[in-house]
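Numbers restart at 1 for each chain; the letters A, B, ... are given by sequence-line order, proteins then strands.
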Number of protein chains: 2
Amino acid sequence: MAHGLEGRSLTAGETRSLIVAAADRLFYERGYEATSFADIAEDVGLSRGNFYYHFRTKDEILEAVIGRRMENTRTLLEHWEQDSEAPAERILRFVDILIANRSKIMEHGCPVGTLCIELAKLDHAAQDDAAELFTLFRDWLARQFSGLGRAADADALALHLLMRSQGVAALATAFRDENFIRREVADMEAWLLAQCPAATAPRSN
Amino acid sequence: MAHGLEGRSLTAGETRSLIVAAADRLFYERGYEATSFADIAEDVGLSRGNFYYHFRTKDEILEAVIGRRMENTRTLLEHWEQDSEAPAERILRFVDILIANRSKIMEHGCPVGTLCIELAKLDHAAQDDAAELFTLFRDWLARQFSGLGRAADADALALHLLMRSQGVAALATAFRDENFIRREVADMEAWLLAQCPAATAPRSN
DNA sequence: AGATAATTAGGTCGATTGTCCTAATGCGTT
DNA sequence: AACGCATTAGGACAATCGACCTAATTATCT
């Protein structure tokens, strides 16, 4: 067991967290619809009856998973903001997700993008909540571009970078081409430098 | 009825085509897994039993749908090649899909990209066949870039453009923002001009 | 027209889905 | 020790899934 609480039984909140963590991973790897109650319960090691005690509907689990991702994303972005001083460096952290997570991305795509697409096709009530995950990155990136002296088009630049990362993830999954990821990440980094008005790049715009 | 064959009953091949066309649309709009035999049969107006006469498994339908899309895509690319002389113009045709299909894209994403992602998550046997749809565009675009004098990096440029269109489609679905699509399409067109060595652009590379 | 093949309709199969219920167990408090 | 509450296990529910079969109908050919 990985939770490190073998000595005693779990509180309801802890069990709930284990369920949400398992659902998070399974929704990402297999998709929301393709993941059943039984799949999650088996993954956590619970009976389906016990599972129902914590979550009564599948929509409830989805909401909890999205909430968990929101929280994790907020934490991640805060850490990036603390670790790096320069906005450009922070943005590079975002771009490097594609490299760091390349294996999982080539297998299952981007967790956020694929969830949004699936929920859109299902016309699911939570599709706007899932899109909020994108908004988190969007606003954070826009703030970094503002700090880079591009306040006027910060949101457009943020969307552009998000767009690129989504495109790279999608094609990386289809072609399973790691070199393609590295090449496009390098291109994004070059693009980023070109967007920096006061940067060291001798390129004139 | 839209098939214009009311006067007589349909041959097996015609019924089969209707099934594949309906499955094509439903797989796109709702997703592969979320579309059932009954959904397709009802859409075409057939009984499930009759349906089974034409397709014995769901994988068979998927293969037929992919085959249909392959054929349609080949035809589309050939027409683009016939309608336009200049490679740059042809590439613009590709980019303009995002504008022409913006409504459906904002609802259900890109037909090719979303299918590839879903099949990847299901670890479906046909995922490589679906990726061949991308290859069709990839090779066609690479030929156009070669004709543009960029034979050396034609494939990389083709993948880059594919990547952009995928990214735009994904974010357009999540945010349902038509202005975003138009802005990114304009950016892609500007990028395309910049890639043309003999173009009017005074940019030196 | 009659025989043969192609096509269709309707029903059924076991498995799985999300959802729900009840009985049993664990645990802290008195 | 006994109570009360939180948690769990295991089964059961109707509905739906992909898949399959058979009988009836229609079309085609001799």
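- For the ring pair (Phe, Tyr, Trp, His ring centres under 6.0 Å) criterion with B:W140, the lone passing option out of B:F134, B:F94, B:W80 is B:W80.
- For the pair B:T15 and C:dT7, the criterion of a side-chain N or O lying under 4.0 Å from OP1 or OP2 is not met.
- If you take OG1 on B:T173 and CD on A:Q166, they are separated by 10.0 Å, rounding to the nearest 0.5 Å.
- Rounded to whole Å, atom P of D:dC17 lies 11 Å from atom CD of B:E42.
- One can place CD of A:E14 at 13 Å from P of C:dC27, the figure rounded to the nearest angstrom.
- Looking at residues two or more places apart in sequence or on another chain, you find no side-chain hydrogen bond (donor to acceptor under 3.5 Å, both in side chains) involving B:E63.
- Once rounded to the nearest 0.5 Å, the distance linking CG of A:L161 with CZ of A:F145 reads 5.0 Å.
- Look at NE2 on B:H54: it is 13 Å from P on C:dA6, rounded to the nearest Å.
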Restricting to nitrogen or oxygen on both sides, can you table the protein-nucleotides 17-21 of chain C pairs closer than 3.5 Å?
from   : atom 1 : to    : atom 2 : distance (Å)
C:dT17 : OP1    : A:S36 : OG     : 3.4
C:dG18 : OP1    : A:K58 : NZ     : 2.9
C:dG18 : OP2    : A:F37 : N      : 3.0
C:dT19 : OP2    : A:K58 : N      : 2.8
C:dC20 : OP2    : A:Y52 : OH     : 3.1
C:dC20 : O5'    : A:Y52 : OH     : 3.4

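- Not less than 6.0 angstrom separates the ring centroid of A:F180 from the ring centroid of A:F175.
- The interatomic distance linking B:R16 (CZ) with C:dT7 (C1') rounds to 15 Å, in whole Å.
- Looking at B:V20, B:I40, B:L26, B:D24 one by one, the single match for side chain to side chain contact (heavy atoms under 4.5 Å, CB included) with B:I61 turns out to be B:I40.
- The side chain of A:Y53 sits closest to D:dA6 out of D:dA6, C:dA9, D:dG10.
- In this structure, B:F55 atom CZ and D:dC17 atom P are separated by 19 Å, rounded to whole Å.
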